[in-house]
Amino acid sequence: MTRFDVAIVGGGLAGCSAALHARLKGASVILLERGRCGGQASGVNYGGVRQQGRHPAELPLACRSRQIWGRLAELVGTDCEFTSTGHLKLARNDADMQTLLAYRDIARDYGIDLEILSVAELQCRYPYLGDGYCGASLCAADGQANPRLAAPAFARKAQELGVTVREHCELEHAEKVADGFQLTIKGETEQLTACRLINTAGAWGARVARWFGDEVDEQVMAPNMCVTEPVAPLIGPNLGICGGSIYLRQTKNGSVVFGAGLGVADADRLWARPLADVSMEAARGAIAMVPQLANLLVVRTWTGIEGRMPDGLPVLGESRKAQGLFHAFGFSGHGFQLGPAVGAVLAELCLDGSSATPIDGLSLGRFGLARALVSAPST
């Protein structure tokens, strides 16, 4: 029976980052991934690296992650095409502008600088934008990266440093035992043991948590994505709209990546598909945002399987039921930027017992509290 200090289930960006950071602390680590590292949500997302617009509970993680993104080449040997292009959030009306102004004050408390632009400034700086916007908020420190490169880069570096990375390896079951955790691999007779277990299983994270009595309602979502043929440089920052809907960026090679709406996914069948009508509506939204995109060829549409929590925030922290078990899942379509810091925090929680990065508000226990308040008799 092979024993490790830390076992990690799920080879997305958070899991691969956790493996690397735990190994940097000297732990023996095994990473188990049912498919390929970065093959699900971490590798098929939009690729935005933004702090702007996040819930305050995520902002400490987002700030720490931005620091890691800035030194990615030093950490994993490649920058994964990370570029600090900025993130521009557009306002459609006065109410949106008030929302952006209020958020600027929140972001300032976390050391994030946001510049509020009037409609005149917006038109002067970004003349390619369509009509109908009355201003915007710019976070110059935000940017973008290639999601297909990030998780594999962390996995390769972790493996170079001695982490056992096993792809195409499905964890069939795990259970708490006296000295840690016992893991059963599908199709294998030999069992693994680990002192600590990290659950970064994405859309299947709640299933793993349930093995240990941690109950939470995790649903599945499939962000609908599109990409165009390459064109000459046109769009500077990532573009988004206050309140959601269309989001858009131009890559280093000139292709324009955009998304809006959801495709369909089945977590049991490991199956996901974009929807043609959703892609068409997204294309109309992209053209309204940047009219010069009207004649571009869309070369590919895609989606993937992502976990979504009832409140749109991820679960991050130690299990309520099993000591030595740590969860990070349910990123609800916006976990790519957070992934590097989530892994670092998991390694600290797992091996040091605490992290200097606040994760208040992300505990699994918040759902138990909500249920208790709902079920409590009125007085």
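For the single chain, residues carry numbers from 1 onward in sequence order.
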Step by step, would you call V29 with F4 a side-chain contact (heavy atoms from CB on, under 4.5 Å)?
CA-CA 6 Å; V29 183; F4 295 87; 5.8 Å; no
side-chain contact (heavy atoms from CB on, under 4.5 Å) evaluation trace for T83 with E81:
CA-CA 6 Å; T83 309; E81 298 179 10; 5.6 Å; no
The test is side chain to side chain donor-acceptor pair (under 3.5 Å); show your working for S354 and D352 and say whether it passes.
CA-CA 6 Å; S354 64; D352 302 335; over 6 Å; no
Let's go through E160 and R23 carefully: what are the C-alpha distance in whole Å and the side-chain angles of both, what is the deciding distance for salt bridge (Lys or Arg N to Asp or Glu O under 4.0 Å) to 0.1 Å, and is it a yes or a no?
CA-CA 10 Å; E160 288 175 12; R23 183 61 191 141; over 6 Å; no
Chi angles and distances behind the salt bridge (Lys or Arg N to Asp or Glu O under 4.0 Å) call for D5, K25:
CA-CA 11 Å; D5 295 326; K25 288 180 170 292; over 6 Å; no
For side chain to side chain donor-acceptor pair (under 3.5 Å), just list the numbers for Q52 and D142, CA-CA rounded to whole Å, side-chain angles, deciding distance to a tenth of an Å, and then say yes or no.
CA-CA 8 Å; Q52 178 169 216; D142 287 349; 4.8 Å; no
Going through the checks in order, is the salt bridge (Lys or Arg N to Asp or Glu O under 4.0 Å) test met by R104 and D113?
CA-CA 8 Å; R104 179 183 61 178; D113 293 324; over 6 Å; no
Before giving the answer on side-chain contact (heavy atoms from CB on, under 4.5 Å), spell out for V6 and L351 the whole-Å C-alpha distance, their side-chain angles and the decisive distance to 0.1 Å.
CA-CA 9 Å; V6 179; L351 298 170; 3.9 Å; yes
Verify side-chain contact (heavy atoms from CB on, under 4.5 Å) between L138 and R125, making sure each step is shown before the conclusion.
CA-CA 11 Å; L138 174 67; R125 292 196 202 181; 3.8 Å; yes
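Geometric assessment of R34 against the ring of W204 yields a positive cation-pi assignment under the 6.0 Å and 45° thresholds. For R249 and F258, the positive end is not near the middle of the six-membered ring at less than 6.0 Å and at most 45° from its axis. Remark: R66 fails to qualify as a cation-pi partner of W69 under the 6.0 Å distance and 45° angle criteria applied to the six-membered ring.
Between R166 and E188, at least one side-chain N (NZ, or NE/NH1/NH2) sits under 4.0 Å from a carboxylate O, which counts as a salt bridge. R210 has a carboxylate O that lies under 4.0 Å from a charged side-chain N of E215, or vice versa, which qualifies the two as a salt bridge. A salt bridge between R366 and D311 is present, with a side-chain N of the basic residue lying under 4.0 Å from a carboxylate O of the acidic one.
Between Y103 and L114 there is a side-chain heavy-atom pair separated by less than 4.5 Å. In this structure the side chain of V257 never reaches within 4.5 angstrom of the side chain of L248, judged on heavy atoms. Side-chain contact check for Q337 versus F331: every heavy-atom pair is 4.5 Å or farther apart. Put simply, the side chain of R108 reaches to within 4.5 Å of the side chain of D105, judged on heavy atoms. Proximity of E306 to S332: side-chain heavy atoms (C-beta onward) are nowhere separated by under 4.5 Å. Residues L338 and R54 form a side-chain contact, since some pair of their non-hydrogen atoms from C-beta on lies under 4.5 Å apart. Between V9 and I198 the shortest side-chain heavy-atom distance does not fall below 4.5 Å. Using a 4.5 Å cut-off on side-chain heavy atoms (C-beta onward), I112 and C139 make contact.
D94 CG: 12 or fewer foreign heavy atoms inside a 6.0 Å radius. No more than 12 heavy atoms of other residues, nucleotides or ligands lie within 6.0 Å of CG in N295, so this atom counts as exposed by the packing criterion. Surrounding CD of Q323 are at most 12 heavy atoms belonging to other residues, nucleotides or ligands under 6.0 Å away. At most 12 heavy atoms of other shown residues, nucleotides or ligands fall within 6.0 angstrom of atom CG in D131. At most 12 non-hydrogen atoms from other residues, nucleotides or ligands lie less than 6.0 angstrom from CZ of R148.
To the nearest 0.5 Å, atoms OG1 (T85) and CD1 (I235) are separated by 10.5 Å. To the nearest 0.5 Å, atoms SG (C16) and CD (E33) are separated by 7.5 Å. Taking OH of Y247 as the reference point, atom NE2 of H87 lies at 11.0 Å (rounded to 0.5 Å). Here CG of L20 is found 6.5 Å from CZ of F154. Values are rounded to the nearest 0.5 Å.
A donor-acceptor contact shorter than 3.5 Å is absent between the side chain of T193 and the backbone of G180. A distance-only check finds a donor-acceptor pair linking the side chain of R92 to the backbone of C242 [under 3.5 Å]. Put simply, the side chain of T228 never gets that close to the backbone of L296: no donor and acceptor are under 3.5 Å apart. Using a distance-only test at 3.5 Å, with no hydrogens or angles considered, a donor-acceptor pair links the side chain of Q250 to the main chain of G254. A side-chain donor-acceptor contact under 3.5 Å links N199 to the backbone of G205. Without hydrogens or angle criteria, Q292 side chain to Y128 main chain gives no donor-acceptor distance under 3.5 Å. Side-chain atoms of T99 come within 3.5 Å of backbone N or O of A95 as a donor-acceptor pair. Judged by distance alone, the side chain of Y46 and the main-chain N or O of G333 form no donor-acceptor pair under 3.5 Å.
With T184 as the partner, the side chain to side chain donor-acceptor pair (under 3.5 Å) test is satisfied by one option alone out of Q191, E190, E170, E175: Q191. Among the candidates D214, L346, V216, L197, the single residue satisfying the side chain to side chain contact (heavy atoms under 4.5 Å, CB included) test with H327 is D214.
Of the N and O atoms on the side chains of D96 and Q98, not one donor lies less than 3.5 Å from an acceptor on the other residue.
Listed here is the closest heavy atom pair of G343 and S17: CA-OG, 3.5 Å. Here the closest heavy-atom approach between residue G39 and residue V44 is recorded as O-CG1, 4.3 Å. Considering all non-hydrogen atoms of both residues, N224 and T303 come closest at N-OG1, 4.2 Å. Considering every non-hydrogen atom in both P237 and L88, the closest pair reads CG-CB, 4.0 Å. Considering every non-hydrogen atom in both A151 and G12, the closest pair reads CB-C, 4.0 Å. Closest approach of V165 to A155, counting heavy atoms only: CG2-O, 4.0 Å.
Grouping the Ile, Leu, Val, Met, Phe, Trp and Tyr side chains by contacts below 4.5 angstrom, directly or via other members, places L239 with Y133. Each of L61 and I68 belongs to its own hydrophobic cluster when Ile, Leu, Val, Met, Phe, Trp and Tyr are linked at side-chain heavy-atom distances under 4.5 angstrom. Cluster annotation: W302 and V278 are assigned to distinct hydrophobic clusters (Ile/Leu/Val/Met/Phe/Trp/Tyr, side-chain heavy-atom contacts under 4.5 Å, transitive). A single hydrophobic cluster is not seen to contain both M309 and I359; linkage of ILVMFWY side chains at heavy-atom distances under 4.5 Å, directly or through other members, places them apart. By the criterion of side-chain heavy atoms lying less than 4.5 angstrom apart, applied directly or through intervening Ile, Leu, Val, Met, Phe, Trp or Tyr residues, L313 is grouped together with L316 in one hydrophobic cluster.
In this structure, F336 has its ring center at least 6.0 angstrom away from the ring center of H334. In this structure, F212 has its ring center under 6.0 Å from that of F181.
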